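Letters A, B, ... mirror the listed sequences (proteins, then strands); counts begin at 1. A quick note: this is a predicted structure, and the numbers were derived from the prediction, not measured.
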Amino acid sequence: MAFTGRDFFDRDTVTVARELIGARVCLDGDTVVARLVEVEAYLGEDDLASHAYRGLTPRSQIMFGEPGHLYVYFVYGMHHCANLVTEARGKAGAVLLRAAAVEQGADTIRSRRAATGGQIADDRLLSGPGNFCRGLGITRDDNGLDVCSVGARLRVIPADDVPNIATAPRIGIRHNTEAALRFCLAGHPAISIPI
DNA sequence: CTTGAGATGGACT
DNA sequence: GTCCATCTCAAGG
């Protein structure tokens, strides 16, 4: 399917999540390019694990807002997590970006992760939602960023192939742990925790 | 290989 | 106060 800008995100959250596998995240021109290999869908109603489950709050309001914006939050006192808002205005939904495979800019990413010593394989530079944000320099300052606006520092380009997608329950949550809302590029080494 | 605990801050009850 | 969509490292099997 052709990329039609915001329309891509203005759809069912699970559909968007699946189609984001294999999509490319481009930063600062194409200085850094990474291919998404692991995402999770977070819904609104009936999804106890979603920040939107308890309704509209100062933090969750962005999940109810316009699709195609970044939702970045801070967890565990030290990590950021990045989501892409889905569904039309008024309906909550977002896709957590959990892991990506670096295609360009590995050195840039490595330098952002310099604080954490030790050699990390290129494969694992953006593995896990916290590492994904750290490696790409995404912080709460990016919360609300419109990835559909021309010239946004972060853009998303849909996959140019049809990847083999593996489905599994989500990770690191305490509620609604059964739902199969985690989607991965099957067998990819960048996946944070193997299925 | 697996398990557990610490770091650390903000949202929410 | 309590909970948390995490990561890393160290200890144990």
Whole Å only: how far is the CZ atom of A:F132 from the C1' atom of C:dC7? 16 Å
What is the distance from CD of A:E40 to C1' of C:dC4, rounded to the nearest Å? 14 Å
A:R174 side-chain N/O to C:dT2 phosphate OP1/OP2 under 4.0 Å: no
Can you tell me how far apart CZ (A:R182) and CD1 (A:I173) are? Round to the nearest 0.5 Å. 11.0 Å
Going by number, which of residues 50-78 of chain A have a non-hydrogen atom under 4.0 Å from DNA chain C? A:H51, A:M63, A:Y73, A:Y76
With clusters built from Ile, Leu, Val, Met, Phe, Trp and Tyr whose side-chain heavy atoms come within less than 4.5 Å, directly or transitively, what are the remaining members of the cluster of A:I195, listed by chain and number? none
Roughly, in whole Å, what's the span from NE2 in A:H80 to C1' in B:dT8? 12 Å
Any side-chain N or O of A:R134 below 4.0 angstrom from OP1/OP2 of C:dT8? yes
Taking every heavy atom of A:L145 against every heavy atom of A:L154, the minimum-distance pair comes out as CD2-O, 4.2 Å
What pairs with A:T139 under side-chain hydrogen bond (donor to acceptor under 3.5 Å, both in side chains), at least two apart in sequence or on another chain? none
Could you summarise the pairing of DNA chain C as dot-bracket text, marking Watson-Crick and G-U pairs under 3.5 Å with ( ) or [ ] inside the strand and | across strands? ||||.|||||||.
Sorted by chain and number, sequence neighbours left out, salt bridge (charged side-chain N to carboxylate O under 4.0 Å, His left out) with A:R35 holds for A:D161
Whole angstrom is fine here: how far is it from CD1 in A:I193 over to P in C:dA5? 14 Å
Looking at A:Y42 versus A:H51, is the centre-to-centre ring distance below 6.0 Å? no
Comparing A:N131 with A:H175, nearest DNA chain C nucleotide closer to 5' gives the residue A:H175
Roughly how far, to the nearest 0.5 Å, is CG of A:D146 from CD of A:E66? 6.0 Å
Cluster membership besides A:V162, Ile/Leu/Val/Met/Phe/Trp/Tyr side chains within less than 4.5 angstrom, sorted by chain and number, is none
Side chain A:D10, main chain A:R6, donor-acceptor under 3.5 Å: no
So what does A:R140 hit on the nucleic acid, given a heavy-atom distance under 4.0 Å: a base, only sugar-phosphate, or nothing? sugar-phosphate
